[in-house]
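As structure tokens, the structure follows; a few thoughts come after it.
A, B, ... follow the sequence lines: proteins, then strands. Residue 1 opens every chain.
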Amino acid sequence: MKHLKKVCLPVLLGLTLIFLSCDTDETQTVTNFNNLVMEDNFSTAGVLDSNLWNFDIGNGAAQGIPGWGNNELQYYTDRTENAVVEDGMLKITARQESFEGLGYTSARIQTKGKFQQKYGRFEARIKLPWGQGLWPAFWMLGDDNNGNEVWPQIGEIDIMENRGQEPTLINGSVHGPGYSGGEAITKAFELENDRFDTGFHIFGIEWGEDYINYYVDDVLYNQITPSDVTGQWVFNDEFYIIMNVAVGGNYVGSPNASTVFPQEMIVDYVRVYSAN
Amino acid sequence: MKSIKFNNSKITYVLGLVLILSFGCERDLSDDAVEASFSSEGEIFIDNFVGMGTNFYLPFADSKLDAFSVDNDEGFESSASYRVDVPNASDPTGSYAGAILRVDGAGRDLSGYDALTFWAKASQGVNVDAVGFGQDFLQNEFQVTANNLSIGTNWAKYTIPIPDASKLVEERGVFWYAAGTQATNGSGYVIWFDEIKFESLGTIAHPRPKIFDGNDMTQQTFNLATINIYGLTQTFNLANGINQTVAITPGYFEFTSSNPNVATVNELGVITVNSPGTTVITATLDGVDAQGSLTLTSLGDFTPADTPDEDPANVISIFSDAYNNVPVDYYNGFFNGDGQTTQGGVGPGGADISINGNGIINYTQLNFVGIGTFLNVQPIDATQMTHIHVDINVQEAIDSGDQLTLQLLNGVQTANELSGSVVLNSSELTSNGWESFDIPLGNFGLGARDALGLLFFNSTNSANVPTISNIYVDNIYFYKEVIDPSPNVDDSAATEVSLPVGFESTTLTYQIGVFGGADSAVEVNPDQSGINPTSTILRSTKTVGAEFFAGTTLQLDAPVDFSTSQVFRMKVWSPKAGIPVRIKLENSANSAQFIELDANTTTTNEWEELEWDFSNANFNVGPLDIVVIFFEFVPGTSGDGSVYYCDDLKILN
């Protein structure tokens with residue numbers, strides 16, 4: 001039998017980490033990224049803060065990538081049915097409904113042009129949706145230099161993405177030139193005796209020059225450096241944050257009769273820290 | 001260590017303890033060692049049984065009792081497993097493997113776990129009929145069953161979630177299974193189970209309990225009805241993304257009636273209707289609302305069908321609370337492939353409605369429906385029976401063209417399958433009222449009824465359109481009508497040949513005719529015993545090769561007088577029981593005008609009295625002055641030389 005050990009994270013690369021399940025009286029070392037520069041605690045009920053968030057609308061056709069490049073099945077809207085702030089939480093809701101010719105609706109929000117930053121600690125506390133064909137994600141794309149760069153050259157950092165049929169697993173990845181899509185540099189993290197859709201978990205990265213550290217709650221589970229990628233390291237400029245719930249697509253497969261709708265991704269907060 | 005001499009029994013004890021601990025996942029030795037009981041033990045079978053006591057293997061009585069063994073060659077990452085050799089369907093010692101494992105001793109506290117898990121593989125990929133826990137052959141209060149569990153040929157781990165572990169504070173039934181060969185065409189196979197234990201996985205999520213299979217049902221009923229809540233399931237999403245549904249018992253639910261004055265629900269999921277009105281039955285499981293409900297409306301007091309009063313010794317009952325019913329395959333064969341739409345006949349013992357202990361079938365969406373007695377049960381031998389009884393209450397308005405056909409099939413799915421039917425027309429049925437039917441089996445025109453396998457209720461008309469869609473049915477049984485014999489007829493002083501006729505006159509001429517190969521004469525009674533000691537009788541012989549319709553005629557000098565009674569009686573003596581005897585009363589001036597009915601003999605080589613009740617006959621005919629008697633009137637059955645006698649023809653006053 002395979003016994004996974006729960007790892008209590010000791011001092012790791014200067015991170016400040018929140019210890020949820022392992023009591024410790026040890027004082028953590030001072031981090032490089034403890035200067036809170038952005039946070040959204042979703043404490044004002046109603047619509048999202050438009051000073052921070054943009055909605056991506058549609059099926060991606062307007063962006064030239066119908067199905068958002070992955071044959072996804074949903075139509076993204078800015079309706080409160082698909083994204084709303086209530087009870088101190090952001091709720092992105094995927095629904096099964098006919099809308100603009102597609103069978104599902106959901107929401108995808110991003111901070112492009114409103115909050116972008118190079119390096120730092122990016123984290124969010126999220127409870128995931130569940131079920132075959134659900135694809136929630138908390139991720140980032142690099143600035144496109146006013147349209148002069150295109151994916152994957154701009155770079156993509158997936159802090160968390162999940163297949164709804166794998167409720168105990170999330171993946172953290174980077175995409176760049178020569179290592180994008182199915183060739184992305186990725187690593188999975190599995191919860192022991194728990195799952196991501198029954199409670200909140202913190203998903204984050206510590207991103208500095210030539211490294212990205214991935215953690216879930218108090219567990220650092222991966223570090224990616226230029227030596228790990230099979231192409232150019234493109235993570236040395238500003239990135240913006242994206243949160244969405246996709247339905248179907250190449251990564252996750254389609255929902256089936258067992259998939260329960262509607263499904264919510266509930267976000268308690270998003271926080272970004274910069275170096276001192 | 002080697003120098004110390006141990007007491008052997010102590011060694012065994014210590015080793016056993018360590019074995020348990022090694023699978024106990026990081027529990028501290030001292031903690032476990034002081035636990036004197038197995039009360040919260042989760043393990044059932046690891047490399048051997050854990051804390052199960054001595055007599056824990058309890059196979060189902062009709063299963064292959066010795067289908068289980070401990071396999072000391074196979075195991076999941078070990079060399080021992082719980083092996084089940086599922087027998088071939090034809091195995092005379094049992095056609096399936098099934099057993100419960102019940103702790104021999106005090107129950108276990110399983111409230112700290114969230115699933116039963118095990119590793120398993122099979123000698124061929126198979127959907128195992130049932131695997132679960134909570135069956136203890138006592139109350140089975142908290143039974144859980146994963147049906148049709150797909151088990152492959154490589155070891156894999158299976159998870160059966162606990163619907164609500166807080167209920168399992170003292171559970172003895174820790175594992176059960178039933179595995180047959182319906183999915184393998186009768187061929188046996190082997191299943192190995194290993195590492196059977198309760199675990200706290202932490203990944204059992206998103207409970208979705210259901211009652212009534214998740215449907216919102218509506219039903220009209222009556223006071224004193226009892227209704228069982230069915231379709232109880234719990235579904236969890238497992239760590240592997242699978243939605244695992246388990247069938248569970250009512251004990252896991254909290255049931256609610258929105259109006260307890262109308263109906264209440266007990267902890268066994270049985271609804272009792274108390275007074276007129278409407279209530280909604282819902283449930284929760286561990287605080288989660290169950291999908292599905294029943295909106296129940298009581299219309300008030302129920303009028304049951306009359307209680308049958310036939311002597312049980314003369315009855316073969318299919319569906320009645322007045323008698324012990326014979327085994328039945330089903331009360332609804334759901335011949336959906338043949339276009340059947342009929343629902344119902346699916347409650348306990350076929351009863352969809354139970355009122356004050358009286359079960360009633362409620363067929364809805366009726367076009368046709370069959371009650372089967374030919375698959376796994378003995379077909380019904382109704383040779384000795386004379387009638388079929390059924391009570392029918394039509395639950396809708398009756399239109400003039402409505403009809404209900406009762407059809408009987410003998411020798412179902414054999415080379416000698418026979419079918420016969422009787423049509424009940426709209427005038428014989430009552431809307432929202434019971435009608436009792438006592439139909440002579442002879443009226444079905446069946447050549448044999450020694451192996452009745454199907455009884456159909458069919459409401460379609462000649463255009464194959466259903467006419468009646470909703471009926472209550474009760475008291476379906478065959479019976480032998482016992483007729484109190486009427487006095488013998490002494491017509492020795494009669495001045496003309498008219499009913500009653502006893503063939504005793506020496507002066508009158510009895511005008512006897514034959515046709516179809518029959519031979520007939522007035523003769524001396526060869527068996528002056530029993531109910532017919534008189535001297536003279538009428539013989540009718542069906543000669544070898546005679547037509548099936550061969551018979552004897554008796555010309556009367558005066559037409560039959562039906563003015564006060566329409567019941568015709570005759571004493572008969574037959575070498576065969578269960579054959580139809582047809583009486584046809586004909587107008588000598590117009591042979592197209594007649595009435596006829598069958599009655600069946602019930603005994604051999606002795607006199608008995610039979611009855612032909614023409615109450616429902618069409619008397620829109622001229623004077624009926626010829627009696628035609630057909631023995632063994634069975635199309636296709638030609639004469640075999642049998643000699644029959646009859647006597648004492650009369651209209652019963």
Side-chain angles (χ1 to χ4, degrees), chain A residues 1-8 20-22 93-94 126-136 161-171 188-201 216-217 219 247-248 251-266, chain B residues 19 21-27 42-43 45-47 75-78 81 112-115 117-119 150 155-159 161 165 194-210 213-214 233-246 286 288-289 291:
Chain A
M1 294 204 38
K2 183 181 170 189
H3 284 275
L4 291 177
K5 297 293 182 189
K6 181 159 285 183
V7 178
C8 293
L20 293 176
S21 59
C22 295
T93 304
I126 306 173
K127 185 169 125 178
L128 299 188
W130 61 281
Q132 166 69 42
L134 273 300
W135 180 11
E161 61 184 333
N162 161 262
R163 297 178 178 93
Q165 61 268 33
E166 298 175 349
T168 64
L169 288 176
I170 59 99
N171 290 276
F189 174 77
E190 180 167 18
L191 279 180
E192 175 82 352
N193 294 329
D194 197 2
R195 39 195 288 161
F196 288 108
D197 56 352
T198 52
F200 286 89
H201 295 272
V216 172
D217 298 328
V219 182
V247 180
Y251 181 78
V252 67
S254 294
N256 61 27
S258 77
T259 309
V260 175
F261 283 97
Q263 281 292 330
E264 288 181 332
M265 178 166 85
I266 305 177
Chain B
L19 177 72
L21 291 168
S22 69
F23 289 91
C25 288
E26 297 161 14
R27 271 180 291 170
E43 298 182 347
F45 183 96
I46 305 299
D47 289 327
F76 171 68
E77 296 184 354
S78 69
S81 60
Y113 303 103
D114 58 19
T117 68
F118 52 83
W119 291 76
S150 175
W155 285 110
K157 187 174 181 178
Y158 298 86
T159 299
D194 202 358
E195 306 270 319
I196 309 169
K197 60 185 171 186
F198 288 91
E199 284 193 84
S200 182
L201 295 173
T203 55
I204 306 296
H206 307 302
R208 282 158 287 156
K210 292 180 180 177
D213 294 318
T233 63
Q234 172 69 299
T235 302
F236 285 102
N237 188 257
L238 306 183
N240 59 8
I242 288 174
N243 288 301
Q244 178 66 54
T245 296
V246 288
D286 196 16
V288 178
D289 289 343
Q291 189 184 339

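- With chain A as partner, the option from B:Leu238, B:Asp114, B:Asn240, B:Ile204 having the largest number of non-hydrogen pairs under 4.5 angstrom is B:Leu238.
- Ranking A:Gln165, A:Arg195, A:Arg163, A:Gln132 against chain B, the residue ahead of the rest is A:Arg195, based on heavy-atom pairs under 4.5 Å.
- With sequence neighbours excluded, no residue forms a side-chain hydrogen bond (donor to acceptor under 3.5 Å, both in side chains) with B:Tyr158.
- Panel note: side chain A:Glu161, backbone A:Ile170; no donor-acceptor pair is recorded below 3.5 Å.
- Ring orientation note: the planes of A:Tyr251 and A:Trp135 are close to parallel, at an angle under 30° on the 30°/60° scale.
- Inter-residue side-chain proximity for B:His206 and A:Asp197 is flagged as met; some heavy-atom pair is nearer than 4.5 Å.
- When heavy atoms are compared at a cutoff of 4.5 Å, B:Thr235 does not approach chain A at all.
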